[in-house]
Amino acid sequence: MTQHKLSKKKVIVGLSGGVDSSVAAYLLLQQGYEVEAMFMQNWHDTTGTLHGDCPWKDDLTVAKLVAKQLGIPFHFIDLSADYRKKVVDYMFAEYERGRTPNPDVLCNREIKFDVFLKACEDLGADFVATGHYCRKETTTVNGVEVHRLLAGSDPNKDQSYFLCQLSQKQLGRALFPIGHLLKAEVREIAAKLNLPTADKKDSQGICFVGKVDLPVFLQQQLKAKKGDIVELPKDYTPSRASCHSGLDSDWLPQLAQPYTFSPADGKVVGQHNGAHFFTVGQRKGLGVGGHVESLFVVATDVESNIVYVGEGHEHAALNRPALFIKKEEVHWVRPDLHMSAGEERSYLVRIRYRQPLQKATLYCRREGIYVVFDEPQRGITPGQFAAWYDGEELLGSGVINQ
RNA sequence: UGACCUAUGGUGUAAUGGUAGCACAACAGAUUUUGGUUCUGUUUGUCUAGGUUCGAAUCCUGGUAGGUCAA
């Protein structure tokens, strides 16, 4: 890309103890940067953690080994307090409201490219690098430097979605050295160099916390509370305030309005331990059998503690044509391309990590942005981020409000 | 209380008297740096007591349970 040999520029790479960041560090050295490594510890609690007792200690050991092998200085920083406050507390708060948060998007915005970034700057770094599968391209628009966030070249690993909340300022300091590579190529490089991370399994689960049993994890803060599981009949037709076919001014809010249900719309088929432990589209964990197709969570009502379910992927209540993002929760990675009230544009949108991009039209209104999809979307989930792309460039994102 | 019907794994169901299948759930593994999804695999059953038969989930009798119709 535009990463020419910029000798003397100092980069600190967030070494996690995985392959990706290891290879990223190596590539930065190749490109002539002055490279240092910093391992961040963000979590030490193992409550509800599934595998291993202290996975981060192993990661730390491996990260040190990698730094030693590459011959770069190694730093350690404990950001647990920040992580708890900015990521974990947010998670609990969102679940409590009945929404489904995305902690990793927050982790990038609040930790890696904020607190961690500042720590790196304190050490004199010009840039911070990570092992994300995404690319950055810096160009000039009207004489102003603009950073573009592009999808990773490996279509199967693209992680740009997780960075959808970054600002120009944050992007300006970021480097993604492996974004143009395929995962297989990264592993190959690691293997050639004999890096201890070459064969290490990819990490999964909430980054830094690890693979957890979510209900158990959440029960640290949110108490279990028995409630009804209400099944909506298969032929149920969701109703909203009548939707006019015309172009009257409020057709958008109506189209994006979530369906509302009442216990009278279906029948009680089971019990759950708390509506806030469930998320729209969820299949596992309901414990209700006896159907031809699986039951999926269609909606949760935290107020009355009811989980609404429907049978099968195609259940009408599970699929919606549009979603809404509040004005305050709209974020433009490219502020120079932001939309103004009254504007509408066609973009490609995804509403969860790894979802294939969907054609949609964004309508900007005074109160926020309405995203109307060409095809109805299954499991539109409040709390998750919708990110819109123009081709392979991520332009903006926002929290799905409804 | 009179008559009739039904009784299969956690749930819903299948099996001309001939080794009890399927779906859903649950569990496990794979995939996935959120939640979730998806894929693969595994476990568990003939209400009870007798009888007929070479052989019973299936036929007969009693019991128990649930349901339907009966004033």
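Each chain gets a letter, A, B and so on, in the order its sequence line appears, and its residues count up from 1. From a predicted model like this one, the values you see are computed outputs, not experimental measurements.
In this structure, the NZ atom of A/K267 is 11 Å from the P atom of B/G12, given to the nearest Å. In this structure, the CZ atom of A/F217 is 12 Å from the C1' atom of B/G35, given to the nearest Å. Atom NE2 in A/H276 sits about 15 Å away from atom C1' in B/G35, given to the nearest Å. Counting to the nearest Å, the C1' atom of B/U34 and the CG atom of A/L218 are 12 Å from each other. One can place CG of A/N42 at 16 Å from P of B/U34, the figure rounded to the nearest angstrom. As rounded to whole Å, 14 Å separates atom P of B/G12 from atom CG of A/L295. Rounding to whole angstrom units, CG of residue A/L163 and C1' of B/U33 are separated by 11 Å. One interatomic measurement links the two molecules: OH of A/Y133 to C1' of B/U33, which rounds to 12 Å at whole-angstrom precision.
B/A57 and B/G18 have their C1' atoms separated by 12 Å, given to the nearest Å. Of the C1' atoms belonging to B/C69 and B/U52, the separation is 33 Å, rounded to the nearest Å. Here the separation of B/U53 from B/C60, taken at their P atoms, is 16 Å to the nearest Å. Rounded to whole Å, the separation between the C1' atoms of B/A7 and B/G45 comes to 13 Å. Look at the P atom in both B/U43 and B/A49: the space between them is 27 Å, to the nearest Å. If you take atom P in B/C24 and the same atom in B/A20, they sit 22 Å apart, rounded to whole Å. If you take atom C1' in B/A3 and the same atom in B/U58, they sit 25 Å apart, rounded to whole Å. When the C1' atom is compared between B/A56 and B/G51, the two are found 11 Å apart, to the nearest whole Å.
Aromatic rings from A/F217 and A/F92 are positioned such that their centres are separated by under 6.0 Å.
Taking every heavy atom of residues 92-110 of chain A and every atom of RNA chain B, pairs under 4.0 Å involve A/Y95, A/T100, A/P101, A/N102, A/P103, A/D104, by number.
Judged as a side-chain hydrogen bond (donor to acceptor under 3.5 Å, both in side chains), the pairs with a partner in residues 65-82 of chain A (not counting sequence neighbours) are, in order, A/E36-A/H75, A/D78-A/S80.
Contact annotation: the side chain of A/F277 never approaches that of A/T300 to less than 4.5 Å [non-hydrogen atoms, C-beta and beyond]. Using a 4.5 Å heavy-atom cutoff, the side chains of A/W388 and A/I325 are in contact. A/K359 has its side chain out of reach of A/S346: every pair of non-hydrogen atoms, C-beta onward, lies at least 4.5 Å apart.
Counting any heavy atom pair closer than 4.0 Å across all strands shown, A/Q355 reaches no nucleic acid atom. Looking at heavy-atom distances under 4.0 Å, A/L286 makes contact with sugar-phosphate atoms alone, never a base. In this structure, A/G312 reaches neither bases nor backbone, as no heavy-atom distance under 4.0 Å exists between it and the strands shown. A/S16 comes within contact range of no nucleotide atom at all, as no heavy-atom separation falls under 4.0 Å.
Taking side-chain N and O atoms only, A/K157 has no distance below 4.0 Å to OP1 or OP2 of B/U31.
In the interface, the side chain of A/K112 is paired with the base of B/U33 through a donor and an acceptor atom under 3.5 Å apart.
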> Given Watson-Crick or G-U pairs with both distances under 3.5 Å, what dot-bracket string fits RNA chain B, with | for other-strand pairs and [ ] for crossing?
Replying inline: .((((((..((((....[..)))).(((((.......)))))....(((((..]....)))))))))))..
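Ring orientation note: the planes of A/F261 and A/Y236 are tilted relative to one another, at an angle of 30° to 60°.
Applying the salt bridge (Lys or Arg N to Asp or Glu O under 4.0 Å) test to A/D336 and every residue at least two apart in sequence or in another chain returns A/R334.
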Can you give me every donor-acceptor pair (side chain of residues 282-290 of chain A, partner residue at least two apart or in another chain, under 3.5 Å) with its distance?
{"from": "A/Q282", "atom 1": "OE1", "to": "A/T279", "atom 2": "N", "distance (Å)": "3.0"}
{"from": "A/Q282", "atom 1": "NE2", "to": "A/K284", "atom 2": "O", "distance (Å)": "2.9"}
{"from": "A/R283", "atom 1": "NE", "to": "A/S294", "atom 2": "OG", "distance (Å)": "2.9"}
{"from": "A/R283", "atom 1": "NH2", "to": "A/S294", "atom 2": "OG", "distance (Å)": "2.8"}

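Across A/W251, A/F324, A/Y347, a single residue satisfies ring pair (Phe, Tyr, Trp, His ring centres under 6.0 Å) together with A/Y363, and that is A/W251.
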> Would A/K226 and A/N273 satisfy side-chain hydrogen bond (donor to acceptor under 3.5 Å, both in side chains), going step by step from the backbone distance to the final call?
Replying inline: CA-CA 4 Å; A/K226 281 220 182 306; A/N273 282 321; 2.9 Å; yes
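To the nearest 0.5 Å, atoms NE2 (A/H147) and CD (A/Q170) are separated by 11.5 Å.
The environment of A/D122 atom CG is dense: over 12 non-hydrogen atoms of other residues, nucleotides or ligands sit within 6.0 angstrom. Counting heavy-atom neighbours within 6.0 Å of A/K64 NZ, excluding the residue itself, gives a total of 12 or less.
Positionally, the nearest nucleotide of RNA chain B for A/V292 lies more toward the 5' end than for the other of A/F278 and A/V292.
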Please enumerate all protein N or O atoms sitting under 3.5 Å from an N or O of nucleotides 36-41 of chain B, with distances to 0.1 Å.
{"from": "B/G36", "atom 1": "O2'", "to": "A/G281", "atom 2": "O", "distance (Å)": "3.3"}
{"from": "B/U37", "atom 1": "OP1", "to": "A/R283", "atom 2": "N", "distance (Å)": "2.4"}
{"from": "B/U37", "atom 1": "OP1", "to": "A/K284", "atom 2": "N", "distance (Å)": "2.7"}
{"from": "B/U38", "atom 1": "OP1", "to": "A/R283", "atom 2": "NH1", "distance (Å)": "3.2"}
{"from": "B/U38", "atom 1": "OP1", "to": "A/H313", "atom 2": "NE2", "distance (Å)": "2.9"}
{"from": "B/U38", "atom 1": "OP2", "to": "A/R283", "atom 2": "NH1", "distance (Å)": "3.2"}

